[in-house]
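Data block below; observations after.
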Amino acid sequence: MKVARLALSLFLIMGIATGCGSSGAGGNQFSSGAAGPGGEAKALTPVTQVTNWFAEPELGGQYAAQLKGFYKDAGMDMTIIPGGPQVSSVQIVASGKAQFGVVQADDLLIARQQGIPIVAIAAIFQKNPQGLVYHKGQNIKSPADLNGRKVYTAPGATYWEYLKKAYKLDHVQEMKYTGQLVNFVNDPTAVTQGYVTNEPFTLKQQGIETGILLNADFGYNPYANVLFTTEKLIKDNPGLVKSFVRASLKGWTYYRDHPDEINPYIKEKNPDLPLDVIKYGAEAEKPLIFGGDAQTHGIGYMSKQRWATLIQQLSDIGVLQFKENPEKVFTNEFLPGP
């Protein structure tokens, strides 16, 4: 099961020194992978990206780009470091051990607040897949209906702090989410955090019918699985950044159209994840990735308004101490467009 990614990311981001990106990801030693003047192929550029979790369908496009050779075609010898409960993509990219990473939009803003100069270069999920899962048949139609119930959430999760304030959830029995669902399963009145791409399916396999309140439907919709790099790499080697973004998004389009070809590769990289769960997630995530603004602007697109809204929300709940200019936290310049 997926554990408390946001809280873990928050913990791991703390204490990272400023002035990051001074080695590894920051220099001109990384080429853009273009062909030489005579048409001969240049040597592949070693590039590393670190994801925010183990291999799974929510990262399927990155693995499709690797398996199908899209990174290689763009001149990159790509290494993908899987994330996990003790892995911070922000920390690894900031230290220069990787050039690119995957992070949630709110975690990116928190990192920048702490002086870590990272920038969003593409947003994979237009609609955030996280929400609150409840037993079907319970009278739950909005977060306001959670008062009086046990709710299993990650300590310090930003979405939960937002919902508590927005829906006056002052009579909820807050329980620590550990990634295990046994307490939720045994209590039909309980609610737990989860992903629409995962928990409804795995719980149904256990005979538990559920519903889910997507955070995005109730006001909190940060971009999810955001590709990012450092300000320094964007300045020093924009060609590499463009190559990475274009190859990654090509991988996502391929994964959308050929999930059955890529899913076994994801399974190979994460043997503990059942193939039927991967298949379910690959289908469930499609409208979240290719819907919304991606329909008109193309996959990966981000808007100033969305970032400004998130900055305001995080400021309102005290997560951000000052409001940053949203134009500094993201760029669409490397996207291929619709």
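Values reported hereafter were calculated over all heavy atoms of this structure, with side chains retained and with hydrogens, waters and symmetry mates removed.
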Counting C-beta onward and ignoring hydrogens, is there a side-chain heavy-atom pair between [X] and [Y] closer than 4.5 Å?
| X | Y | result |
| --- | --- | --- |
| F54 | P85 | yes |
| N198 | P129 | no |
| V90 | I116 | yes |
| F322 | Q113 | yes |
| Q295 | Q126 | no |
| L163 | L132 | yes |
| W307 | E327 | no |
| V172 | Y167 | no |

Under 4.0 Å between a side-chain nitrogen and a carboxylate oxygen: does that hold for [X] and [Y]?
| X | Y | value |
| --- | --- | --- |
| D217 | K127 | yes |
| K328 | E231 | no |
| K141 | D145 | no |

Distance-only, no hydrogens or angles: does the [X] side chain make a donor-acceptor pair with backbone N or O of [Y] under 3.5 Å?
| X | Y | value |
| --- | --- | --- |
| K269 | P82 | no |
| S89 | V102 | yes |
| E324 | I311 | no |
| N147 | H171 | yes |
| N332 | M302 | yes |
| T51 | G83 | yes |
| E199 | Y195 | yes |
| Q321 | G318 | yes |
| D187 | N183 | no |
| K164 | D170 | no |

Heavy-atom pair of closest approach, residues [X] and [Y]:
| X | Y | answer |
| --- | --- | --- |
| I212 | G194 | CD1-O, 4.3 Å |
| H135 | A190 | CD2-O, 3.8 Å |
| V226 | A120 | CG1-CB, 3.4 Å |
| N128 | P222 | ND2-O, 3.0 Å |
| L109 | L320 | O-CD2, 3.9 Å |
| K176 | P155 | CG-CG, 3.9 Å |

Can you confirm whether the side chains of [X] and [Y] place a donor and an acceptor under 3.5 Å from each other?
| X | Y | answer |
| --- | --- | --- |
| Y71 | S248 | yes |
| Q130 | Y220 | no |
| Q193 | W160 | no |
| Q205 | D276 | yes |
| E58 | T197 | yes |

(request) Kindly assign one of parallel, tilted or perpendicular to the pair W252 and Y255, based on the angle between their ring planes and the thresholds 30° and 60°. (result)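 Plane angle over 60°, so perpendicular.
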(request) Give me the ring orientation class for F100 and F244: parallel if the planes are under 30° apart, tilted from 30 to 60°, perpendicular past 60°. (result)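 If you compare the ring of F100 with that of F244, the planes turn out parallel.
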(message) Could you walk me through whether Y159 and Q104 satisfy the side-chain hydrogen bond (donor to acceptor under 3.5 Å, both in side chains) test, starting with their C-alpha distance in whole Å, then the side-chain angles of each, then the deciding distance to 0.1 Å, before giving a yes or no?
(response) CA-CA 12 Å; Y159 80 86; Q104 307 301 353; over 6 Å; no
(request) Apply side chain to side chain contact (heavy atoms under 4.5 Å, CB included) to the pair V93 and V50, showing each step before the final yes or no. (result) CA-CA 8 Å; V93 172; V50 56; 3.9 Å; yes
(request) Hey, could you give me each pair passing ring pair (Phe, Tyr, Trp, His ring centres under 6.0 Å) that has a residue in residues 111-131? Not counting sequence neighbours. (result)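 Qualifying pairs: none.
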Let me confirm one number: the [atom1]-[atom2] distance from [X] to [Y], rounded to the nearest 0.5 Å.
| X | Y | atom1 | atom2 | answer |
| --- | --- | --- | --- | --- |
| M78 | Q66 | CE | CD | 8.0 Å |
| N221 | Y162 | CG | OH | 10.5 Å |
| D107 | L314 | CG | CG | 9.5 Å |
| L67 | I262 | CG | CD1 | 4.5 Å |
| L169 | R149 | CG | CZ | 12.0 Å |
| L335 | H297 | CG | NE2 | 11.0 Å |

(message) Does K279, at its NZ atom, have more than 12 non-hydrogen atoms belonging to other residues, nucleotides or ligands within less than 6.0 Å?
(response)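 For K279, atom NZ is not crowded (no more than 12 foreign heavy atoms under 6.0 Å).
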(message) Around atom NZ of K286, are there more than 12 heavy atoms from other residues, nucleotides or ligands closer than 6.0 Å?
(response)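 Atom NZ in K286 is crowded, with more than 12 foreign heavy atoms closer than 6.0 Å.
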(request) Evaluate side chain to side chain contact (heavy atoms under 4.5 Å, CB included) for E209 paired with K204, printing each intermediate quantity in order. (result) CA-CA 5 Å; E209 296 289 340; K204 187 173 184 178; 3.6 Å; yes
(message) As a quick check of understanding, evaluate side chain to side chain contact (heavy atoms under 4.5 Å, CB included) for V277 and E56, giving each step before the final call.
(response) CA-CA 9 Å; V277 175; E56 59 179 357; over 6 Å; no
(request) Go through the steps for T48 and I92 under the test side chain to side chain contact (heavy atoms under 4.5 Å, CB included), then give the verdict. (result) CA-CA 10 Å; T48 300; I92 291 172; over 6 Å; no
